[in-house]
Amino acid sequence: MSHDQAPYLELLARGAAAEAYDRPLLVARADGAAPEELAALEHAKQLALRVRAELEGRRRREAELSALFETAHDLAGLRDLDAVLRAIVQRARSLLGTEVAYLSLNDPAAGDTYMRVTEGSVSARFQQVRLGMGEGLGGLVAQTARPYVTDSYFDDARFEHTRTIDAAVRDEGLVAILGVPLMLGSQVIGVLFAADRRARVFEREQVALLASFAAHAAVAIDTANLLAETRSALADLERANAIIQDHSSVLERASDVHDRLTELVLRGGGVHDVAAALSEVLGGTVEFTESGPDTTRAGGHAARHGDDWVAAVSAGGEVFGALVLHGHPDLDPVDRRTLERAALVTSLLLLARRSAHDAEQRVRGELLDDLLDSPDRDPRMLRERAARLGADLDAPHVVLAARIDGPVGEAATRDASGTHTGPATGSDPSARETADRQRLWSAASHLAATRSGLAAARDGGTVLLLPLGPDDSPADLARQTARQLGSTLREMVTVGASSPVPSPAGDPTPVADAYAQARRCLDALRLLGRSGQGAAAQDLGFLGLLLADPGDIDGFVQRTIGEVVDYDRRRGTDLVGTLDAYFASGMSPARTKDDLHVHVNTVAQRLERIGRLLGPGWQSPARSLEIQLALRLHAMSSAVSS
């Protein structure tokens, strides 16, 4: 640990505020420290702030998951509905960092909406307000059954303003408000809000998190209603004893599955664990599928599909897939709700998994960006960051540049830059390109993670840094990557590869040059009409020589006429001279024998030997052009060395 890093490690250890990280630099400047020391302190400060931000992000995600799991636990042991709703509102306010959070419920009997729970409110008028159906931001959420957010409530004309609502909001001092619906099936029963007394922007993850809390609140209300219905049925035991017993048995199964699902969530179970527990409880076969029957019209209810029952797995308006119950065509209402709630738990697990996955991929991308943009990073820090991701940056790696060039088999035209020009799809081209880049980054990140490599979005495409196996070549890696990404995305993905980088951690400087080389190779493939393929510079012959590192001239000569040069060196012959004279004479054996002053049969024998060394097709126009270029480069190299 260097002297420059010590104060920042201490700040990290005690969880100091971000402002405190400026103090060591200010003190050093005041003490007249040398510019080198100030620069080192500034570098250490930036690293410490980045680590602090990463730690804060992880703590925030852990807090969100913990709150969701605690809420699921509250639902499993539901006793007091008000206590559960208060806990949900409190957790939502805390995790979103808002000044106020509140929950309103519809009152069908009175035909209006009322405040059920508030947290952080200081206005009695606001806490007691009752609103007409369809009024205010909550009315817009209820009508559309979608989340809505306003940065400035009084300047927003998307919803109906009324004197009563505006007075209450003004009395509370609210400015920015986010509202998400509480859904029971397709019916909106209320709205969960998070608000600030200042302008702010709510991020997509915050909207999804509040929607998850709203789903929990709706389940709590539904469960409370179900318990109330059960108590009412028990009061009529003498008139409907058989029905009550059957209903009680179903409730026990529902309680059992809730306990199992809660246990699965708390011990970190997966989606297939949920399906297995549900199969046992419902007496059928349950599976999770990412591409099942369309359930978006079911409004959150389990829907019958042939002899199966299907419940959508979704959160925040995004559908992840469905739980499908096979072999159970007749399903009573309570078991349907059990299936629906299992789908809700599954969506929470998938959200948690995706959050963790996205965080890891962002970390992988940041490490690759540092290798490309900041080659002066401390090698020890690079190795430690790579080790946490399962990557060995001391081994040889290859840089690959990848780009989507259109759907497989699409008869579309492209301009010289590879931009898609047809056929028309009716969608915004820029939106399509943005979506394509995101899909490519996601697929490349997954591929890099499975190969212990790195991936990052860059320059309209994706860059990968993958380890080079002992039996692999850059060209092999490029072709494999193009094939795997193309198969995953069902698109033509073109991939250009660099020459090997011996040790990205030991010397990161060549990584940026390798990326530039890979991009040139990618551009060459597209110009040559080889979209959807993968290649390295060495695959492109003398064109590859222009794309590659100028220091690879010897490699080009060796690949092209190396067998002939080596033969001359071993046998003391001059097949290289014969080859040069043969091309100089216009590929005429008769003129070649005059230039060499040998018999024409000798020329024929030498050319036959050359053909065996170079392989068939060596006299074709393309091959002969490369061979002549290699002969010139070999002659120049020999002249310089002599």
Side-chain angles (χ1 to χ4, degrees), residues 396 398 468-480 496-500 502 517 520-521 524-525 527-530 533-642:
V398 172
L468 185 66
D471 298 326
D472 291 334
S473 69
D476 294 334
L477 208 53
R479 285 190 285 270
Q480 293 171 12
S498 72
S499 300
Q517 183 187 127
R520 291 196 299 270
C521 186
L525 285 172
L527 289 171
L528 292 172
R530 293 176 59 180
Q533 299 181 27
Q538 67 188 48
D539 289 338
L540 305 179
F542 72 90
L543 178 58
L545 178 64
L546 302 177
L547 298 174
D549 187 333
D552 193 39
I553 290 177
D554 290 340
F556 172 74
V557 172
Q558 180 63 30
R559 289 192 298 271
T560 308
I561 61 171
E563 294 289 339
V564 178
V565 174
D566 292 343
Y567 186 89
D568 281 347
R569 185 179 299 115
R570 292 192 308 268
R571 303 295 182 89
T573 56
D574 189 22
L575 294 182
V576 170
T578 301
L579 195 56
D580 194 27
Y582 178 65
F583 284 119
S585 66
M587 302 175 70
S588 167
R591 288 197 293 271
T592 301
K593 62 100 175 172
D594 293 336
D595 291 342
L596 296 178
H597 306 291
V598 297
H599 194 275
V600 69
N601 290 339
T602 302
V603 172
Q605 292 171 359
R606 293 180 181 179
L607 292 178
E608 182 182 359
R609 171 63 64 183
I610 290 171
R612 287 200 296 269
L613 293 171
L614 296 181
W618 68 276
Q619 299 187 67
S620 65
R623 285 285 305 280
S624 64
L625 178 60
E626 292 186 3
I627 292 171
Q628 291 177 69
L629 176 59
L631 288 169
R632 294 291 180 89
L633 293 173
H634 176 65
M636 292 171 60
S637 175
S638 300
V640 170
S641 61
S642 61

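Numbers for residues simply follow the sequence, beginning at 1.
- Taking OG1 of Thr592 as the start and CG of Leu607 as the end, the distance is 7.0 Å to the nearest 0.5 Å.
- Screening Asn601, Thr578, Thr573, Leu579 against Arg606 for a side-chain contact (heavy atoms from CB on, under 4.5 Å) leaves a single residue, Thr578.
- When every heavy atom of Glu626 is checked against every heavy atom of Thr560, the shortest pair comes out as O-CG2, 3.7 Å.
- To the nearest 0.5 Å, the span separating CD on Glu563 from CD on Gln558 amounts to 7.5 Å.
- Between Phe583 and Trp618, the angle of the ring planes goes over 60°, which puts this pair in the perpendicular group of the 30/60° scheme.
- With salt bridges taken as basic N to acidic carboxylate O contacts below 4.0 Å, one links Arg569 and Asp566.
- Taking CG of Leu614 as the reference point, atom CD1 of Ile561 lies at 8.0 Å (rounded to 0.5 Å).
- Under a cut-off of 6.0 angstrom, the local environment of CZ in Arg570 is crowded, with over 12 non-hydrogen atoms contributed by other residues, nucleotides or ligands.
- Here the closest non-hydrogen pair linking Pro500 and Val398 is CA-CG2, 4.3 Å.
- Every residue meeting the side chain to side chain contact (heavy atoms under 4.5 Å, CB included) condition with Ala478, not counting sequence neighbours, appears here in chain and number order: Leu400, Val495, Ala497.
- Of the inter-residue distances, the one linking Lys593 atom NZ with His599 atom NE2 reads 7.5 Å to the nearest 0.5 angstrom.
- Between the side chain of Gln517 and the backbone N or O of Ser499 there is at least one donor-acceptor pair closer than 3.5 Å.
- In terms of heavy-atom proximity, Leu575 sits nearest to Leu613 at CD1-CD1, 3.9 Å.
- In this structure, CD1 on Ile627 lies 10.5 Å from OH on Tyr582, to the nearest 0.5 angstrom.
- Here the CD1 atom belonging to Ile610 is positioned 12.0 Å from the CD atom belonging to Gln605, to the nearest 0.5 angstrom.
- Minimum heavy-atom separation, Ala536 to Cys521: C-SG, 3.7 Å.
- Judged by distance alone, with hydrogens and angles left aside, the side-chain atoms of Ser588 form no donor-acceptor pair with the main-chain N or O of Ser585 at under 3.5 Å.
- Contact between Leu468 and Pro474 at its shortest, heavy atoms only, is CD1-N, 4.0 Å.
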